[in-house]
Structures are given as structure tokens and as C-alpha cells.
Amino acid sequence: MEYTYYPGCSLEASSRGYDESVRFVFNALGQKLIELEDWNCCGATSYMSTKETISLVISARNLALAEKYGRDIVAPCSACYTILYKTNHILKNNPIMKAKVNQALKKDNLEYNLSLNVRHPLEVLVNDFGIEKIVSKALIRLDGVKMAQYYGCQIVRPDRGLDDKENPQMMDSLFEALGAENIYFPMKVRCCGGMLMTTYPDVALKLNKEILECAYGNGAELIVTTCPLCHVNLEAYQDKINKKFKKDFHIPILFFTQVLGLALGGTPKELGLNRNLIPFQLKKTALEATK
Amino acid sequence: MIEKRENTSIIPGVLGKKEKHLRDSLLQQILNIPGGESIKKCIQCGCCTGSCPVSYMMDITPREIIALFRAGEIESILSSRAIWICASCYACTIRCPQGVQVTDILYALKRLAIDQKIFPKRFPVYALSESFVSLTNRFGRSYEPGLILLYFLKTNPLKLLGLVPLFLKLFFKGRIGLLPKKIKGRETFSRILREAEIMEMVVPVQES
């Protein structure tokens, strides 16, 4: 299948490893991602907190650009996914807002006619391609790798009917089928604080400490995430959390596509693993199981 | 914590002029949210507050926010720190037994507070949003180093020093771009923005 790819700003900067690994995984599975030409920032939570119509307009510019290709639009960043999805949802339900947004888009001869589906790569891989087929394409088993599957907030919430919103299973089933051991992880949909790490660091540091503590306490070797902001908060601030709470965490945080990419035979460089601050390597046992 | 404001009427149920204005603009925004009208069905059970991972840091809880709105105390909500602590994780929204769109209502309250400029100077969340918006308007893309720089210049420039080690670590991993990425259609993008600003002010006539 072919999809229109919306990387989002983070995937070009602090989360380049996510971009590299998403492209690798889709390619390895024979799925085509075609990057949306001249896409702009989705506006994220910050724009949404300031102006309603304008934030919908800038997000809808992407939808209007993508619409002419008729393919589903895939956004890996949880914030982009939520904002684009929400924009689509609001415009579909509110004809007045749709008219206002299109009035602004007209200045660039654009118009959005509500025909797109906004999707997340995790859900695309699990639902369109299928776990069984992914397992059949895997070159390396993840046997015995103890993972904490961390979904964060915005991929399961607000409810889009794709997965259980309190106890989602998509990543769990995917990696379990590849041999991994999913640890007990009740914090899987707990919020990491998002931008609070900048605005109210004390609140965010505590939230992240609790997530790390839970994963670590239940024996996780790594935390798997779907969101650039969760990734930065849990990874780049681990030192700060250790210092503040007198802890000794050293847990690698990987994007789900980085782990999946390893199973599909990707090299650390192809998957952007060299960009992570806390290194992760598959244990020998996992590699041997493959042979 | 909740002081009586001068322009709030002391007659129960009678709204002061300012409160009425705030209420009208808030309701307009709430009705724009799909499912927004379910705010009427709030039963004050407190599931939202109980589900919120940060309610313990709030001066008024999500449940109290809805109660205050009903009581005609929107100004107290707008001057609270609670609405700004919300990280928009939607835990309250999915658990609300009445389908109240709590997170999106909090977004509407944030926009109203910004519109009315009801917050302290050098206020962190506003400073961040303002920086984010100005970069996005300019380049069509967000630019992380620029965002952090602008934000701390507006709030506490000294803290920038503390970020240098993290900046360097990320830089050597190729995770920080030295220059912002820009979209090609910047000119038409700003034309869209100007028109969007006009559209922002267009309020449809309400049927009564």
C-alpha cells in the first residue's frame, strides 16, 4: 500500500531516529511512504492553546495538500497525529468551522473537502499489514527481551476506537509475536507531562520518574515508545531525574519502529539507534534464537 | 482563593457584565467542540480529578473548574494556575461517564485567558505558546532550539546555561539542527495566516 507521510518537525530534529526507523520499517515491509510536499507544522498543543481557528487552519493546510493524492496520511509523532486527527474530526462535525478554515486556505488556492483518514504508523502496520505477516518477514527474533510498552497519552486518547484506551494492546501483541517479553506495566498510558518539562519541570520530572520507576521495578530492559516528546522526556531528562530523586536509572528508550526495525534486520545506523543517548543492544540470546 | 470580584453581581444567579461576556465567548468555543454540549450533563462525580495525573498540583481541580463555570465564576478559573498545568493527556475525557470533553474545554479556557490576558507577567505557558506561534508563523515549521531560546529569554535567561550540557549531547548525536527548516510556500502561508486571523474573529449568529 501507499501512504502520504507527514514526518512533523520533531522527526527532522530531536527525533531523527524515529524518522529513519519509520522509513526503514515501511520499506522493509514493502509499504510505500511518500512524504507530503511542503508540509507545515501541525501547530501542536501550543498553538491549540492560543487561537482556535488559526490553529485549525494551519493544521488543515496539510490535510488540503494531502487530499489530492487520495492516500491516507500517516503521522508518527503523537502530537501531530492527535492534532491532524482532531482537525479532521472538528471540520467533519462543524460546517461553519469548515467554511471559515476553507476561506483562509483559499488564499493559497487550497480547499479541504474532508475526504482524508489520519492514521498512526503503529495502527497502520498492525491493521493494514498485520502482525502475522510482520512476523513472517522478521529476520531476528526478540526472544527474552524484557520490554515496557509505553503508549503515552495521545495515541490512544481521546478515544478513536482503535485500541483499548486504558490498556492498549497493539504494541504488546506485535512484540510478543516477535518473541519479546512484555513486563507488567500499568503506567503504559500514563502522561509524561509533555511540554510541562519546559514550563513546570518539577511536575514533569515527577511524572517521568514514576514511569521509569515502574518499568525498572518490573524488570524492563528497555522502554518502547511511540512519541517524540515522551522519548525526549524519558531519555534526555533521565540524568536530571536521577539527580533530583537520587535514583540510578539507565534505561534505553527506543521508538517502536527502532525495535521493530531490529527484528526486520536493520542495522543500528539504519534505524538511528546511534542517535539515542542511552545505548541499547540486543542480547546474544535473542540473536542466537534466530539462527 | 476565590475572591469576590467587583463586577460580579452579588445577587445569586445574576451575571455581571464581564462574566456574561466571558461566558458567551466560552460557550461559543465549547459548542465548536464535537460533543461539547455534554458539559451540561456534568454530575460533579470527580472522575476527571481522580484520573488526572497532575491534579494534585492544581489550585482548583478539573471538577471544580466545571462547578465554578456553572456558578458564574469564570474569572476565577481564568486566573487559576490549574488550566495551565493540564498537559492535555485526555485521561479525564475518556473516563468521564457523562462524555464531558474536559480536555478540550480546558483548551477553550486557556484561549480565553490568553485572549483576555489574564495571567502573570513572564508566565511560562504563555511564553512558550507565544514563542511557538511566532516561530511557526515565520518559518511554517517549528524549530526546537529557537523555541527553547525564545522561551527562556522571555522567562528566565539564566536557566539557558543549565541546558548547555543537554544541548551538546543532543547536538553530537545529530539531533539538533543549527538552522531552522522553512517551508517553501512561506509567502502564501502568511497570506493564509492573515485571512485566518480575520476568520478567528468571525462569530456566527446564534439561533436563540
Side-chain angles (χ1 to χ4, degrees), chain A residues 9-10 12-17 38-41 43-54 57-58 61 89-90 93-94 96-97 100-101 103-108 110 152-154 157-159 165-166 189-196 198-200 203-204 207 236-237 274-277, chain B residues 29 32-34 53-54 57 84-85 87-91 93-94 101 103-104 107-108 110-111 114 124-133 136 139-145 148 151 166 169-170 173-177 181 183-185 188-189 191-200 202 204:
Chain A
C9 307
S10 300
E12 292 202 323
S14 58
S15 302
R16 276 174 71 186
D38 212 33
W39 54 270
N40 60 269
C41 169
T45 49
S46 294
Y47 222 121
M48 201 54 103
S49 318
T50 51
K51 296 281 178 193
E52 183 187 32
T53 313
I54 305 179
V57 166
I58 64 163
R61 177 179 176 271
H89 185 57
I90 292 176
N93 280 283
N94 189 334
I96 296 171
M97 189 56 87
K100 282 165 71 174
V101 165
Q103 177 65 31
L105 291 178
K106 229 199 235 166
K107 295 282 153 189
D108 192 14
L110 290 169
C153 322
Q154 300 203 328
R157 295 193 297 260
D159 192 14
K165 46 200 186 207
E166 299 277 353
V189 292
R190 189 46 131 61
C191 175
C192 76
M195 289 313 276
L196 292 182
T198 311
T199 49
Y200 290 104
V203 182
L207 288 172
Y237 288 90
N274 52 329
R275 301 189 189 281
N276 288 351
L277 299 177
Chain B
Q29 294 208 41
N32 276 339
I33 304 165
V54 287
M57 288 295 292
W84 304 105
I85 302 265
S88 118
C89 82
Y90 290 92
T93 307
I94 58 152
Q101 303 295 307
T103 312
D104 287 333
Y107 267 120
K110 288 179 205 180
R111 292 191 292 257
I114 285 179
V125 185
Y126 180 60
L128 188 76
S129 290
E130 213 187 13
S131 317
F132 191 97
V133 166
T136 307
F139 303 126
R141 297 268 174 97
S142 164
Y143 176 54
E144 290 161 353
I148 296 298
Y151 169 76
L166 182 60
K169 265 200 275 180
L170 291 173
K173 293 282 181 186
R175 285 166 66 177
I176 287 180
K181 304 234 178 189
I183 60 166
K184 281 185 240 140
T188 44
F189 188 70
R191 248 183 278 151
I192 292 178
L193 282 174
R194 274 198 297 275
E195 186 71 12
E197 252 164 66
I198 299 169
M199 286 298 118
E200 186 77 62
V202 174

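Letters A, B, ... are given to chains in the order of the sequence lines, protein chains preceding strands, and every chain is numbered from 1.
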Peer 1: Can you tell which part of A:Leu207 gets under 4.5 Å to a heavy atom of chain B, answering side chain, backbone, both or neither?
Peer 2: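 Just the side chain, heavy atoms under 4.5 Å.
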Peer 1: Between B:Arg141 and A:Glu12, is there a side-chain heavy-atom distance shorter than 4.5 Å?
Peer 2: yes
Peer 1: Identify which of B:Ile183, B:Ile114, B:Leu128 forms the greatest number of heavy-atom pairs closer than 4.5 Å to chain A.
Peer 2: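 Max contact count across the listed options: B:Ile183.
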Peer 1: Please determine, among B:Thr93, B:Leu166, B:Ile176, B:Leu170, the option with the most heavy-atom pairs under 4.5 Å with chain A.
Peer 2: B:Leu166
Peer 1: When rounded to the nearest 0.5 angstrom, what distance separates CG in B:Leu193 from CG in A:Asp108?
Peer 2: 11.0 Å
Peer 1: Which of the residues B:Tyr107, B:Tyr143, B:Tyr126 is involved in the greatest number of heavy-atom pairs with chain A at under 4.5 angstrom?
Peer 2: B:Tyr107
Peer 1: Measure A:Arg275 against the heavy atoms of chain B and call it side chain, backbone, both or neither at under 4.5 Å.
Peer 2: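 Both backbone and side chain.
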Peer 1: Could you check if a side-chain atom of A:Leu277 sits within less than 4.5 angstrom of a side-chain atom of B:Lys169, using non-hydrogen atoms only?
Peer 2: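 Answer yes - side chains close enough.
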Peer 1: Nearest heavy-atom pair of B:Gly174 and A:Arg16: which atoms, and what distance?
Peer 2: O-NH1, 2.9 Å
Peer 1: If I measure from the heavy atoms of chain A, does B:Gln29 come under 4.5 Å with its side chain, its backbone, both, or neither?
Peer 2: both
Peer 1: Taking the side chain as C-beta and beyond, is there a heavy-atom pair between B:Phe132 and A:Cys41 under 4.5 Å?
Peer 2: yes
Peer 1: In Å and rounded to the nearest 0.5 Å, what is the CZ to OG distance from B:Arg175 to A:Ser10?
Peer 2: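 It is 10.5 Å, given to the nearest 0.5 Å.
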Peer 1: With only heavy atoms counted, which part of A:Leu196 is less than 4.5 Å from chain B, the side chain, the backbone, both or neither?
Peer 2: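 For A:Leu196, the side chain is the part near chain B, not the backbone.
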Peer 1: Among the options B:Ala127, B:Gly140, B:Ala108, B:Ala87, pick out the one with the most heavy-atom pairs lying under 4.5 Å from chain A.
Peer 2: B:Gly140
Peer 1: Could you have a look at B:Ile192, B:Thr103, B:Val54 and say which one has the most heavy-atom pairs with chain A under 4.5 angstrom?
Peer 2: B:Ile192
Peer 1: Judged by atom type as modelled, is there a donor-acceptor pair below 3.5 Å linking the side chain of A:Asp38 to the main-chain atoms of B:Gly185?
Peer 2: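 Yes: the side chain of A:Asp38 pairs with the backbone of B:Gly185.
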Peer 1: Does a side-chain heavy-atom distance below 4.5 Å link B:Val125 with A:Tyr200?
Peer 2: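 Touching, per the 4.5 Å side-chain cut-off.
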Peer 1: Side chain from CB out, backbone as N, CA, C, O: work out which of these in A:Gln154 comes under 4.5 Å of a heavy atom of chain B, or both, or neither.
Peer 2: side chain
Peer 1: Can you say whether A:Asn93 sits under 4.5 Å from chain B via the side chain, the backbone, both, or neither, judging by heavy atoms?
Peer 2: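 Contact with chain B is through the side chain of A:Asn93 alone.
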Peer 1: Is a side-chain N or O of A:Lys100 found less than 3.5 angstrom from the main chain of B:Val202, in a donor-acceptor match?
Peer 2: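 Yes, A:Lys100 side chain to B:Val202 backbone: donor-acceptor pair under 3.5 Å.
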Peer 1: Among A:Cys153, A:Cys191, A:Ala204, A:Ser49, who wins on heavy-atom pairs under 4.5 Å with chain B?
Peer 2: A:Ser49
Peer 1: Just give me the residue among A:Met97, A:Arg190, A:Arg61 that pairs up with chain B most often, heavy atom to heavy atom, under 4.5 Å.
Peer 2: A:Arg61
Peer 1: Flag the pair A:Ile90 / B:Asn32 as yes when at least one side-chain heavy-atom distance between them is below 4.5 Å, and no otherwise.
Peer 2: no
Peer 1: Applying side chain to side chain contact (heavy atoms under 4.5 Å, CB included) to B:Arg111 and A:Lys51, what does each step give before you reach the verdict?
Peer 2: CA-CA 6 Å; B:Arg111 292 191 292 257; A:Lys51 296 281 178 193; 5.5 Å; no
Peer 1: Do B:Glu195 and A:Lys106 touch side chain to side chain, with heavy atoms closer than 4.5 Å?
Peer 2: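 B:Glu195 does not reach A:Lys106 side chain to side chain.
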Peer 1: Could you tell me which portion of A:Met48 (side chain, backbone, both or neither) has an atom closer than 4.5 angstrom to a non-hydrogen atom of chain B?
Peer 2: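 Answer is both: backbone and side chain atoms of A:Met48 are under 4.5 Å from chain B.
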Peer 1: The test is side chain to side chain contact (heavy atoms under 4.5 Å, CB included); show your working for B:Trp84 and A:Thr199 and say whether it passes.
Peer 2: CA-CA 9 Å; B:Trp84 304 105; A:Thr199 49; over 6 Å; no
Peer 1: What distance do A:Asn94 atom CG and B:Ile33 atom CD1 have between them, rounded to the nearest 0.5 Å?
Peer 2: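 CD1 of B:Ile33 is found 10.5 Å from CG of A:Asn94.
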Peer 1: In terms of heavy-atom contacts, does NZ of A:Lys107 have more than 12 from other residues, nucleotides or ligands at under 6.0 Å?
Peer 2: no
Peer 1: Starting at CG of A:Asn40, measure out to NZ of B:Lys181 and round the result to the nearest 0.5 Å.
Peer 2: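 Here the interatomic distance stands at 15.5 Å.
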Peer 1: Please check this pair: side chain of A:Arg157 against backbone of B:Ile94, looking for a donor-acceptor N/O pair closer than 3.5 Å.
Peer 2: no
Peer 1: So which atom in B:Met199 and which in A:Thr53 form the shortest heavy-atom distance, rounded to 0.1 Å?
Peer 2: CB-CG2, 4.0 Å
Peer 1: Let me know if A:Ile96 has heavy atoms under 4.5 Å from chain B in its side chain, its backbone, both or neither.
Peer 2: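 Side chain only.
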Peer 1: Tell me, out of B:Ala196, B:Ser142, B:Ser131, B:Cys89, who's got the most heavy-atom pairs with chain A below 4.5 Å.
Peer 2: B:Cys89
Peer 1: If you count heavy-atom pairs within less than 4.5 Å of chain B, which of A:Ser15, A:Gly43, A:Gly152 leads?
Peer 2: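 Looking at each option in turn, the highest pair count goes to A:Gly43.
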Peer 1: With a 4.5 angstrom heavy-atom cut-off, which part of A:Tyr47 approaches chain B: side chain, backbone, both or neither?
Peer 2: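 Contact with chain B involves both backbone and side-chain atoms of A:Tyr47.
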Peer 1: Without swapping roles, check the side chain of B:Glu144 against the backbone of A:Ser14 for a donor-acceptor pair under 3.5 Å.
Peer 2: yes
Peer 1: Which atom names give the shortest non-hydrogen contact between B:Glu197 and A:Ile54, and what distance separates them?
Peer 2: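 Here B:Glu197 and A:Ile54 meet closest at CG-CD1, 3.5 Å.
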Peer 1: Name the region of B:Ile85, side chain, backbone, both or neither, that has any atom closer than 4.5 Å to a heavy atom of chain A.
Peer 2: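 Backbone plus side chain of B:Ile85, per the 4.5 Å heavy-atom cut-off to chain A.
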